[in-house]
Amino acid sequence: MSTVTKGNGAVYGKTLIGIAFMYFFGLVCPTFGGMSEMGIKILGVFIGTIFMTCVGCDLFSSSLFALLAFVLHGYYKASELLSGWIGSGVTFQLIFAGALCVYLRQTGAMDVFAKKLLSLKITKGRPGMFMFMLMLAGFLVSTVVNGAAFFLLIFGLFESIAKVCGYQKDDQFMKFGLLYMYTSSYGKYLLPFQGLILVVVGFFDSMLEPYGCQFNRWTYMAIQIVTWISFFAVLVLCMKYLFKVDISRLKDIKSDQIEQFNKTPDTFSFEMKVGIGSFLFCMVYLFILYLLPKSFPGYAFIKSLDTSLIWAVPLVIFNVIRRNGKPIMNAPALLRDASIWPMVALIGAMTMLGRACTDASLGINSWLVSVFAPIFGGQSAIALLLICVVFITAVTQVVNGNVLTMGMTPIIVPIVCGMMEQGIKIDPTVTLTVISTCASVAFLFPSGSVAAAYILGREEIDKKFLFTKGVAVLAVYMLVQFAVAVLFNAIV
């Protein structure tokens, strides 16, 4: 009982510190750095939100405290805040797209995807290709299956493969394999239409809007795909030639030998095809919308569903159409499961913070730039990208990636947009994608990522391996990410 009370006391203490920053920082702190009185108050909200998120306070309460602070400080009117939050297309996109992802997860379609990838002829007799496909399968599955469910699935799949091949727990193959499987979990950030990455992208949009720029979702996805496919390929090569890990036993593995696939069908069921088809329909619509010029006949009508309501179309249609006496998609139940209020509240807090940070009358932006200009300012595009990759990947090992992204974006955006005004070729979407991606790659310490506990808790992963070979894997990631960033900055 005393332990529970002590734990609650620590949470209450952290929450009170965050509240103090949000509500009282602007009352006791004098103006500085060219910020107005309101700017100091909003800076307090910004610091309090970052602090509460970083130390593990309740996400919903932290976000709602921030939203209430905006109104109580007089920066937003209640009606203005609600229309910008609950009435935002991003909020509904999170819910509708999330519902389709829930349906895909329930059908088990991603398990069949994984089985099909590992059964391809190209993997037969090619252990390196099999390992690559295993990571790619994990990456695709993690787009809709996250957290504990994903790691139970992917680690169980890997262990089943290792068991069939005769690998022991202390073999280097197990250590590297588990770490590689962990890196495949970053598929959860691939689609900027759902989940936490949608919150981040919404924050990017609100930061770029005053500069007349918009975050390009398709460029983001292209960078993600090229980065992770390249990274997986390089990791396989490193595993075989740099780390000298024996992967030859994977040569004769067959999918029917893998225990995890015993109950996985060989083909997609009707429900799986409906889920995949619905998702592809929405993606194709958004891609066509991206390609069509505004002068195209009927463009206004085509665009009417926009990026949010298009996700509701399959839900509406397949909630009406029945099979075996039941709706193909139980839309109310799916929407209930997808309505994650902590995420909805976080979208509101991030959107409003983003708009406030770019308000020139507050002076927050100019102050942040002046503080960090010696590090990030006055650089060439390539140098800035290199600094971002190295700095953020290193810091995110000990600082939560979401917090780091939230803190770095108000600093980097004005610097990048200023460079563009000077005629320097640098793309804000590329730069912000690098920031968000690097901030997600954390596994050395649990403070860097909640998910890191899944790999750090494995008995095969000892500290010596982690701080030698694990650091080497991080270095490989940084090289790949930097190369991809430079490439995309040159061609977009």
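Checked against side chain to side chain contact (heavy atoms under 4.5 Å, CB included), V226 has the following partners two or more places apart in sequence or in another chain: S230, V484, F488. Under the salt bridge (charged side-chain N to carboxylate O under 4.0 Å, His left out) criterion, K469 pairs with no residue, sequence neighbours left out. For F465, the ring pair (Phe, Tyr, Trp, His ring centres under 6.0 Å) test picks out F176, with sequence neighbours left out. By the salt bridge (charged side-chain N to carboxylate O under 4.0 Å, His left out) test, R323 pairs with E271, sequence neighbours left out. Checked against side chain to side chain contact (heavy atoms under 4.5 Å, CB included), A381 has the following partners two or more places apart in sequence or in another chain: I424, I426, N489. Remark: S366 engages no residue in a side chain to side chain contact (heavy atoms under 4.5 Å, CB included) (not counting sequence neighbours). With sequence neighbours excluded, the residues satisfying ring pair (Phe, Tyr, Trp, His ring centres under 6.0 Å) with F113 are F268. Y477 is linked by a ring pair (Phe, Tyr, Trp, His ring centres under 6.0 Å) to W228, F231, counting only residues two or more places apart in sequence or in another chain. In terms of the side chain to side chain contact (heavy atoms under 4.5 Å, CB included) criterion, residue partners of Y290 (sequence neighbours excluded) are, by chain and number, N216, W218, F287. Looking at residues two or more places apart in sequence or on another chain, you find a ring pair (Phe, Tyr, Trp, His ring centres under 6.0 Å) between F204 and F215.
A pairwise comparison of heavy atoms in M350 and V199 identifies CG-CG1, 3.6 Å as the closest pair. F155 approaches M181 most closely through the heavy-atom pair CE2-CB, 3.9 Å. Residues V441 and Q397 come closest through the heavy atom pair O-NE2, 2.8 Å. Considering every non-hydrogen atom in both T396 and C438, the closest pair reads CG2-O, 3.4 Å. Considering every non-hydrogen atom in both M329 and L315, the closest pair reads SD-CD2, 4.0 Å. Counting all heavy atoms, side chain and backbone alike, L81 lies closest to M352 at O-CE, 3.3 Å.
The closest side-chain heavy-atom distance from T107 to K273 is not below 4.5 Å. Contact check for Y103 versus I328: side-chain heavy atoms found under the 4.5 Å cut-off. In this structure, the side chains of W85 and T91 come closer than 4.5 Å at one or more pairs of heavy atoms. Using a 4.5 Å heavy-atom threshold, the side chains of L386 and Q379 count as separate. In this structure, the side chains of L466 and L456 come closer than 4.5 Å at one or more pairs of heavy atoms.
Side chain of T351 to main chain of S206: no donor-acceptor pair is present (N/O by atom type, distance under 3.5 Å, no hydrogens or angles). The backbone N or O of Y454 sits nowhere less than 3.5 Å from a side-chain atom of R458 that would complete a donor-acceptor pair. Judged by distance alone, with hydrogens and angles left aside, the side-chain atoms of S269 form a donor-acceptor pair with the main-chain N or O of M272 at under 3.5 Å.
Pairs passing the ring pair (Phe, Tyr, Trp, His ring centres under 6.0 Å) check and including a residue from residues 388-442, sequence neighbours excluded, read F376-F391. Listed by first then second residue, pairs satisfying salt bridge (Lys or Arg N to Asp or Glu O under 4.0 Å) with a partner in residues 293-304 read K303-D306, not counting sequence neighbours.
Atom CZ of F301 is surrounded by 12 or fewer heavy atoms from other residues, nucleotides or ligands within 6.0 Å. Within 6.0 Å of CD1 on I382 lie no more than 12 heavy atoms contributed by other residues, nucleotides or ligands. Around atom CZ of F243, more than 12 heavy atoms belonging to other residues, nucleotides or ligands sit under 6.0 Å away.
Note that OG1 of T264 and CG of D266 are 9.0 Å apart. Values are rounded to the nearest 0.5 Å. For the atom pair OG1 of T143 and NZ of K188, the computed distance is 12.5 Å after rounding to the nearest 0.5 Å. Distance check, rounded to the nearest 0.5 Å: CG of L250 to OG1 of T123 gives 10.0 Å. Residue L208 holds its CG atom at 5.5 Å from CG of L432, rounded to the nearest 0.5 Å.
Between Y180 and F173, a ring centre-to-centre spacing not shorter than 6.0 Å is recorded.
Look at D337 and R105 and you find no salt bridge, because none of the NZ, NE, NH1 or NH2 atoms lies under 4.0 Å from a carboxylate O. Residues R355 and E80 are not paired through a salt bridge, judged by the lack of any N-O separation under 4.0 Å between the basic side chain and the carboxylate.
Judged by distance alone, the side chains of T437 and Q224 do bring a donor and an acceptor atom under 3.5 Å apart.
When each of M239, M174, K175, M131 is checked for a side-chain contact (heavy atoms from CB on, under 4.5 Å) with V245, only M239 meets the rule. If you run ring pair (Phe, Tyr, Trp, His ring centres under 6.0 Å) between W311 and each of F281, F193, F96, only F193 comes through.
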Decide yes or no on ring pair (Phe, Tyr, Trp, His ring centres under 6.0 Å) for F151 and Y182, but give the supporting numbers first.
CA-CA 8 Å; F151 289 108; Y182 176 84; 5.7 Å; yes
